[in-house]
Amino acid sequence: MNEPTKTQPRIGVYICHCGTNIAGVVDCKAVAETAAQYPNVVVSRDYKYMCSDPGQALIQQDIKEHKLDRIVVSSCSPLLHEHTFRGACEKGGLNPYCFQMVNIREHDSWVHEKGAAATDKAKDLTRAAVSRVAHHKPLETKTTPIHPDVMIVGGGIAGIQAALTLANAGQHVYLVEREPTIGGYMAKFDKTFPTLDCAACILTPKMSAVGAHPNITLWTYSEVAKVDGFVGNYKVVVKRKPRYIIEDLCVGCNECVTACVFKEGKFEDEFNMGLSKRKPVYMPFPQATPPIVLIDPETCINVKTGKCKKTCVEACGDRQAIDFTQKAEMKEVQVGTIILATGFQPFDAKRIPQYGYGIYPNVYTSLEIERLVNASGPTEGHVVLRDGKTKPKSVGIVHCVGSRDNKTHRWCSRVCCMYSMKLAHLIKHHTDAEVFNFYIDIRAPGKGYEEFYEKLQEEGVHFIRGRVAEVTDWQMSKEEEGKLVIRVEDTLAGFVRRIPVDMVVLAVGLEPHADSQDVRRQFNISCSTEGWFLERHPKLAPVNTFTDGIFIAGACQGPKDIPDTVAQAGAAAAEALSLIKAGSIELEPNTAFVVAEECSGCKTCIPMCPYTAISRDDVKKVAVINEALCKGCGTCVAACPSGAIKQNLFDDDEITSEIEAILAK
Amino acid sequence: MAIKQTIKYDSERDKSFPQEIMSRPGCEKLYGCIQCGTCSATCPVSTYMDYTPRQLMALTRAGFKKEALGSLTIWLCASCYACTVECPKEIKITDIMYALKRQAIQEGIYPKRFPIPVLAREFYNMVRSKGRVTENFLAVMMFLKSNPIAAIKTWKLGLNLMRTGRFAYKLDSMKQPAKMATLLDKADTGWKGGAR
Amino acid sequence: MKFSYFPGCSLKGSGRAYEESLLPVLSALGVELEELDDWNCCGATAYMAVSDAAGYVLAARNLALAEQKKQDLVAPCSGCYLVLNKCQHYAAEYPDVATRVQETLKRDNLTYKGTTKVRHPLDILVNDIGLDAIKKRVTNPLKGFKIAPYYGCQIIRPYATFDDQHNPVTMDKLFKALGAEVVTYPLKTRCCGGSLTGTVTEVGQNMSYILLREAMRRGANVLATTCPLCQFNLDAYQGDISSDYHESVKMPIVYFTQLMGLAFGLPAEKIGLQRCIVPMDLKPAAALAK
């Protein structure tokens, strides 16, 4: 191994063209020629693709031939290739940390116009790196073990799929769900596109498999309260909300529900999107998992006032499963990896008042229709208007409600075209009504999707290309009396139409949960500007996040349909497994350390550390940093009043020399 | 019924036209149009237009200048801004309509004796000379220069206005109307798409 | 409370009833309006169709006059309100527009900075004065009035300065405070036809007809407006509309300020009610009782 010498470093500089990504804007040859003049630079080259095998071989060969002990590569983001080039250094016989990478693509060629200024910037950045790398020291990589247990947050189809995959592979899984049952939105759907198989038929077996699996600990009606630690060693606190039912004792017989002092349901039934009423004690739906009831504290008379005959307790009898003294419980568990599968929330149709939701009773959201066409729904599958009896003779389905609209959400929600067509088919099948789809573009890019579109056209469902401007009840002619009128331009025919219908269905889009930012911060991951959880790479690391050991699956990453969600859940499970099977992971050696002779033992640093990695050696009266816990955030380094804490890869020498070089012209 | 061929050759396209229109304040987002037709459907006048507002956007961005500037659509626009507010791509369609109107007036491509552009010009002139507008005088000017016979039909309206004291018998004016012409001409001189 | 006041051409012409009712009503509520000295036409929609730069200068000159007084500017006419607001927005968004406006106004020894706020009387009434203060002034509650609140387009579009763009409610709240009934009127922001009523009569009148008919269908006995052009279009052509559509269309069209004046007990002729071409029944409650 070439031992780096502090007195006379021998530096190799490599300027990458990245095809024309960099070379199209920056004069790479000129940068390499200039860099050759920088102090201590022995070799300076430019090359078409430094990340390619020949590019890496170039570095390895130069290390040997020119006895290089430090390397600078000016190319793309370290996120993409720092690992690659460190590997090349190591293969060439150099410590991988005697390397510095410069981003002249994202920070230069992609954001600047072609010209001398862009080339100058590349030179400046490279000069700073050359100056910095001279101070780099060889470091040893550390490894940390991976705890084999996995936490999955969210019990929709994504969480269910990931949980089963991992549990079947023998891993222990904690599945945490906010609602009283798992199943998510898929449990509310009637049929699934494009095959029209019954959602419940394919989902509920998976739900009960989760409920019964020996490797799965299922915590519903629960939320993650706190997350600490790092890859391989997360400590998670889960808050279990009181459901006033002892889970192990409840058998789901529903006798308490029948016996409740409320003879009829009185409160909005969340599962049926408010289209039916439930009691304060209720089973979310017949196949709920776990199959046990819960008591809603907001509406239960006993919880609220303590004055109730408690007929439910009486009905439960010897089982004694009802416990009004139940309190929230905190569970703390240790896991190595976490999969976030928190899903989406449907767009609130009231945000577009022109469409009349909440104003005209017979304007529905698509989720309400899912329940309405469902045989176990509030009308037992009879599609009727809000009066509970009238069958609609004509129905308009409005696409892109809260999608492709700069004022609400810019994105395409990906599933609405397909589910709208599915609902059109079901409504037509149930009522024989005339059904109109109002769309901007039909997006049917999945397997069997275009064929489904074709089928709908053959069924005589109308497709009108035009975004609906308004759903209204003011009338222009007799035929519109008592109807809802849809105003739209039939853009293919080239004129404006007014179409009177009995029922309007708003195909609401998908949006991130209202609290997605809180969840993001809790798990220390990133969000896109829209609020979707951000994947590490849009193509090549779609289920990884920028935080090691935390993965994402399903619609929390962006709108997607069931097939894509299930595929992603499988991928997330595989990524978690891959870490678990490796048993350990290498960590960046960017930890902080205390120079004992300079430490005054003032304890300033101890409360600053977010990872509780610092303690005080009371014998030597100095601070001590536990390297296994240190995440290299640098807070203590900045806080130390005597400058006794230093950090690998971010040494004062390294940073100041970099700054000085960039400022010097 | 006469048979008419409608095919457009690429040479009929004015390739610089869309860029020209987009360079006017408020018109930048023309290329973002997804042809959804919200503008046409929300427009209270579109049912009378020869091209719907959506079609006009398509014509303009494709460079069919003659069709766009010669359309009735731009003149029928009552500038109620419904399209601008509703457009999901935040295209300020009303502003594009205005830009097309200005261009049409300058290039003289508009239906002759059609009262709407005549009214716009007469309005412009009256403000340029008096600094203010007196409505019934303006109406008379418009009718004289477009359709004098139509003016006769409005006698009843005139009487009603006189009866209710809403008729002006003399032209209103600023104290020093002369400065308006200088100001307005200066504003316009050398302005992109300006009248002079 | 004191504001600069920009009447615009219409309030001095066919829409003078608006000014006649606005001034006493505001004064009764302690608001003083000081008319801009030697104001000019705002440019309206017509100027934008001929020269946008000249249009911005017309609007900016009035704004500059208000800036001199360091007062916010009240513009009751919807057209003026929009044009003045639009000028503020475009001067702020487009440096070219701002420079052109400033350089041109130098000739008139005026400066434009964009510091004056353009206000609509409805905004001032409901948000600055408040409904409680207005209620206290009511001596003649508007019993029996079933009002279709018609906002028209330009006070809420394209800029939502003080109310919701799709369902404005300021006037609704105001009329309820005056003791009137407000009918549900889904066309409250649909265009009345604007200048089309005078140019392409059949188009403009059709647009007015739709508004009038729906107001009648909803059981309104008066339609309230905020704009002199809307008032004119809807009021002046009802005879023509009735004969063109073979249907008796009759709906009094008044300014919201006239209804306020009436509720405040001001005499009808002091608030311009005699200027309505279609007269309004001042005691609809009595008519209902019969």
Side-chain angles (χ1 to χ4, degrees), chain B residues 24-26 44-45 48 76 78-82 84-85 92 94-95 98-99 101-102 105 115-121 123-124 127 131-136 139 142 146 150 156-157 160-161 163-168 172 174-176 179-180 182-188 191-195, chain C residues 9-10 12-17 38-41 43-54 56-58 61 82 90 93-94 96-97 100-101 103-105 107-108 153-154 157-158 165 189-191 193-196 198-201 203-204 206-207 210 236-237 239-240 274-277:
Chain B
R24 314 281 192 258
V45 212
Y48 291 98
L76 285 172
S79 111
C80 78
Y81 290 89
T84 297
V85 165
K92 294 175 183 161
T94 315
D95 282 352
Y98 276 132
K101 287 184 221 195
R102 292 196 294 272
I105 287 183
I116 303 170
V118 173
L119 175 71
R121 276 244 67 114
F123 191 108
Y124 181 89
V127 174
R132 291 183 190 173
V133 159
T134 312
E135 295 147 318
N136 38 301
M142 178 196 75
S146 59
K156 223 185 196 169
L157 174 64
N160 271 333
L161 291 177
R163 177 174 62 80
T164 53
R166 296 163 70 172
F167 194 87
D172 192 9
M174 292 170 69
K175 287 179 197 157
Q176 301 164 280
K179 66 184 169 197
M180 280 323 282
T182 342
L183 273 190
L184 297 176
D185 294 352
K186 170 153 173 57
D188 224 13
W191 180 251
K192 199 176 267 185
Chain C
C9 307
S10 289
K12 298 290 182 190
S14 68
R16 60 190 59 167
D38 211 25
W39 54 269
N40 58 268
C41 166
T45 52
Y47 251 75
M48 281 287 140
V50 182
S51 163
D52 52 341
Y56 293 127
V57 166
L58 281 174
R61 185 178 171 276
L82 163 70
Y90 277 58
E93 271 175 58
Y94 298 97
D96 284 0
V97 171
R100 176 59 53 131
V101 159
E103 279 175 3
T104 311
L105 286 181
R107 287 236 166 159
D108 204 8
C153 35
Q154 300 196 333
R157 282 196 305 257
Q165 285 189 312
T189 69
R190 187 183 157 99
C191 174
S195 59
L196 290 173
T199 49
V200 195
T201 321
V203 175
N206 179 262
M207 293 164 76
I210 289 171
Y237 295 94
D240 291 352
Q274 75 284 10
R275 301 197 192 281
C276 290
I277 292 170

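Naming convention: chains lettered A, B, ... in sequence-line order (proteins, then strands); numbering from 1 in each chain.
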Between [X] (side chain) and [Y] (backbone), is there a donor-acceptor pair under 3.5 Å?
| X | Y | value |
| --- | --- | --- |
| Y47(C) | Y124(B) | yes |
| R157(C) | C80(B) | yes |
| Q154(C) | S79(B) | yes |

Considering only heavy atoms and a distance below 4.5 Å, find which of C153(C), G194(C), A49(C) pairs most often with chain B.
->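 Looking at each option in turn, the highest pair count goes to A49(C).
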Top contributor to chain B interface from D240(C), L58(C), T201(C), V101(C) [non-hydrogen pairs under 4.5 Å] |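 Ranked by contacts with chain B, first place is L58(C).
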Begin with the C-alpha distance, continue with both residues' side-chain angles, and end with the deciding distance and a verdict on side chain to side chain donor-acceptor pair (under 3.5 Å) for S10(C) and E135(B).
-> CA-CA 7 Å; S10(C) 289; E135(B) 295 147 318; 2.8 Å; yes
Which bit of [X] comes within less than 4.5 Å of chain C, counting heavy atoms only: side chain, backbone, both or neither?
| X | value |
| --- | --- |
| K92(B) | side chain |
| A82(B) | both |
| V85(B) | side chain |
| K179(B) | side chain |

Within-4.5 Å side-chain heavy-atom neighbours: D52(C) and Y98(B) |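 When only atoms from C-beta onward are counted, Y98(B) and D52(C) do not touch, as no gap falls below 4.5 Å.
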Side-chain heavy atoms of L196(C) within contact of I116(B), under 4.5 Å |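 The answer is yes; the side chains approach within 4.5 Å.
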Hey, what do you get for CZ (R275(C)) to CG (L161(B)), rounding to the nearest 0.5 Å?
->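 Going from CZ on R275(C) over to CG on L161(B), the span is 11.0 Å.
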Does K12(C) come within less than 4.0 Å of D172(B), counting only side-chain N to carboxylate O?
->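 Not counted as a salt bridge, because no side-chain N and carboxylate O are separated by less than 4.0 Å.
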When only pairs under 4.5 Å are counted, which of R24(B), M180(B), R102(B) shares the most heavy-atom pairs with chain C?
->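 Most heavy-atom pairs within the cutoff with chain C belong to R102(B).
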